[in-house]
Amino acid sequence: MVPELPPLPALTRAEGELVDAYLEVVDLLGRINPSRTSHTYGALRAAQALVGRASALRDALTLMHVRGESEVHADTLARALRVLDGERRSGRVTVPGEHVS
């Protein structure tokens, strides 16, 4: 039986788009990370897609700003990122630690 995930916190549509676009950028950066990839073609495709996803991230932030959402509610957005597995996903962006033999 799969455990039930906690519910997402209440987000505006723009905040939801911000979180989604941010995680998509993080996923692409993880695929590009030279310390974690083994093929140039996959990294190239991810780098090409990154441009579009970065634009979506910019657009979500622009929409928030235009709508008067001038503050980022970091605690609420962090909860949303945790529910959406953001900690594991963002871990692929980092350089892995050295293995001591």
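Count residues from 1 along the sequence. Because the structure is predicted, anything quoted here is derived from the model rather than measured. Just so you know, these numbers use all the heavy atoms, side chains as well, and skip hydrogens, waters and symmetry mates.
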Write down the atom of A21, the atom of A56, and the distance for their closest heavy-atom approach.
-> CB-C, 4.0 Å

Give the cluster check for V26 versus V72: same hydrophobic cluster or not, with ILVMFWY residues linked at side-chain heavy-atom distances below 4.5 Å.
-> yes

If you group Ile, Leu, Val, Met, Phe, Trp and Tyr by side-chain heavy-atom gaps below 4.5 Å, do L63 and L57 land in one group?
-> no

Between R31 (side chain) and R45 (backbone), is there a donor-acceptor pair under 3.5 Å?
-> no

Decide side chain to side chain contact (heavy atoms under 4.5 Å, CB included) for L23 and V19; before the verdict, give the C-alpha distance in whole Å, the side-chain angles of both, and the deciding distance to 0.1 Å.
-> CA-CA 6 Å; L23 287 173; V19 168; 4.1 Å; yes

Backbone N or O of S90 within a donor-acceptor pair of the T94 side chain at under 3.5 Å?
-> no

Which atom names give the shortest non-hydrogen contact between A14 and A60, and what distance separates them?
-> O-CB, 4.1 Å

Measuring from L61:CG to E15:CD, what's the distance to the nearest 0.5 Å?
-> 10.5 Å

Rounded distance (nearest 0.5 Å) linking atom CG of L11 with atom CD of E17 | 11.0 Å

Rounded distance [0.5 Å steps], OG1 in T12 versus CZ in R67 | 7.0 Å

Check whether any side-chain heavy atom of T37 sits under 4.5 Å from a side-chain heavy atom of I32, and report yes or no.
-> no

Is it true that atom CD of Q48 has more than 12 heavy atoms of other residues, nucleotides or ligands lying nearer than 6.0 Å?
-> yes

Separation of R92 CZ from L28 CG (nearest 0.5 Å) | 11.5 Å

Atom of R89, atom of E24 and distance for their closest heavy-atom approach | NH2-N, 4.4 Å

Is there a path from L81 to V83 through hydrophobic residues (I, L, V, M, F, W, Y) whose side chains come within less than 4.5 Å of each other?
-> yes

Hey, mind stepping through L77 and Y22 against side chain to side chain contact (heavy atoms under 4.5 Å, CB included) and telling me if it holds?
-> CA-CA 11 Å; L77 296 176; Y22 173 77; over 6 Å; no

